[in-house]
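Throughout, residue positions are numbered sequentially from 1 according to the sequence presented. Both counts, for ligands and for their atoms, begin at 1 and track the order of listing.
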Amino acid sequence: MSHPFSLSGQTALVTGSAAGLGFEIAAALAQAGAHVLVNGRDQGRLAAAATAIIRKGGHAEPFLLDVFDAEAVTARMASAPPIHILVNNAGARDRRGFLDMETADFRALIELDLIAPAHLTRAVARAMAKRGEGGRIINITSIAGPLSRAGDAAYTTAKGGLEALTRALAADLGPHAITVNAIAPGYFLTEPNAELARDQAVGEWLSRRTSLGRWGQPGEIAGAAVFLASPAASYVTGHVLAVDGGYLAHF
Ligand SMILES: NC(=O)c1ccc[n+]([C@@H]2O[C@H](COP(=O)([O-])OP(=O)(O)OC[C@H]3O[C@@H](n4cnc5c(N)ncnc54)[C@H](OP(=O)(O)O)[C@@H]3O)[C@@H](O)[C@H]2O)c1
C-alpha cells in the first residue's frame, strides 16, 4: 500500500516558486515524490531554485511564465505537461490606503491576486477534467481573507475573493474529482516582509497577537500543502487551512 502522503507519479505546478513560500511548497512537494514545475519570471532564479530541489534528491524543472499575463498563460498551458497538482501561490500587494488609490489601481491588484489564479485554474482544471483522473488545486490566500486592517483594501478584497472562489470551485469541480482548498498564511519571514521583520515593535506585537508568539519560518507553510495535495486529503475540499501560529484563533 502506498504512503498516504506520497505524491509519487504526480506533477505539480507551483506558481511563484523561485523564492519565499512558493519555493518551500515546491521543495516539500518534490520531497514527497512529485515532479515539480518551478515557476517564476526570471530564468536565472528559476534555474537556481530547481537545482536546489534536485540537489536534495527531488525532481524539478524550471517553468518560465508570467502567471499575471493571461495571454501568455493561455498559450503556454495549451502545450504544458499534464498537471495533477496546481498551487496558486504568486501574489502581489499594494499597501496604499483606499483613499490614495484610484479605481484602476484597485482593479489592477484584483486582476493579479484573484482573476489571474482563476484564469490559470480554469486552464489546468479543463485538462484535468478531460483526463478524468481528478486533481488538486490549492490557493494561497491570507489571514487578510477573513480579517481586515487599514491600508490593505485591495489585497484584502482579492484574498477574500480567492477564499470564496476556493469554495465555489470546490462545488464546480467536485464532480470531476478535483479538490479545491486554500492555505491562509499568517506572518511569515519572506522577502516582502523583510522591513517589518526588522521592526522590533512588530515582533513584540506578534508575540502577543499569535498563540505561538512569533513569526512563521517559510518552511512551516509546506506541511499543509503536502497534506492537501496528498491522498490523505482525498475527502477534503472547499477548506481554508490557516497556517498562522494561531493568529485567527487568538484574541
Ligand atoms: N509572506 C507572508 O507572510 C504571507 C502572508 C499571507 C499571504 N501570503 C501570500 O503567499 C504568497 C507568497 O508570498 P511570499 O511572501 O512568499 O512572496 P515572495 O517572497 O515575494 O515570492 C513570490 C515569488 O513569486 C514570483 N512571482 C511574482 N510574480 C510572479 C508572476 N507574475 N508570475 C510568476 N511568478 C511570480 C517571484 O519570482 P520572480 O520575481 O522571479 O518572478 C517570487 O519568487 C502570496 O500570494 C502572498 O500574498 C504571504
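Sorted by chain and number, the heavy-atom contacts of ligand 1 below 4.0 Å come from G16, A18, A19, G20, L21, N39, G40, R41, D42, R45, L65, D66, V67, F68, N89, A90, G91, I140, T141, S142, Y155, K159, P185, G186, Y187, F188, T190, P192, N193.
Of the candidates I140, N88, V67, P117 forms a side chain to side chain contact (heavy atoms under 4.5 Å, CB included) with just one, namely N88.
Classified by interplanar angle (parallel below 30°, tilted 30° to 60°, perpendicular above 60°), the ring pair F106/F98 is perpendicular. Ring geometry for W205 against Y187 counts as perpendicular: the plane angle is over 60°, on a 0 to 90° scale with 30° as the lower cut.
Relative to the ring axis of F23, R45 does not place its NZ or CZ within 45° and under 6.0 Å from the centre.
Looking at every heavy atom in both residues, R149 comes nearest to D152 through NH1-OD2, 3.6 Å.
Residues L196 and W215 meet the side-chain proximity criterion, which asks for heavy atoms closer than 4.5 Å.
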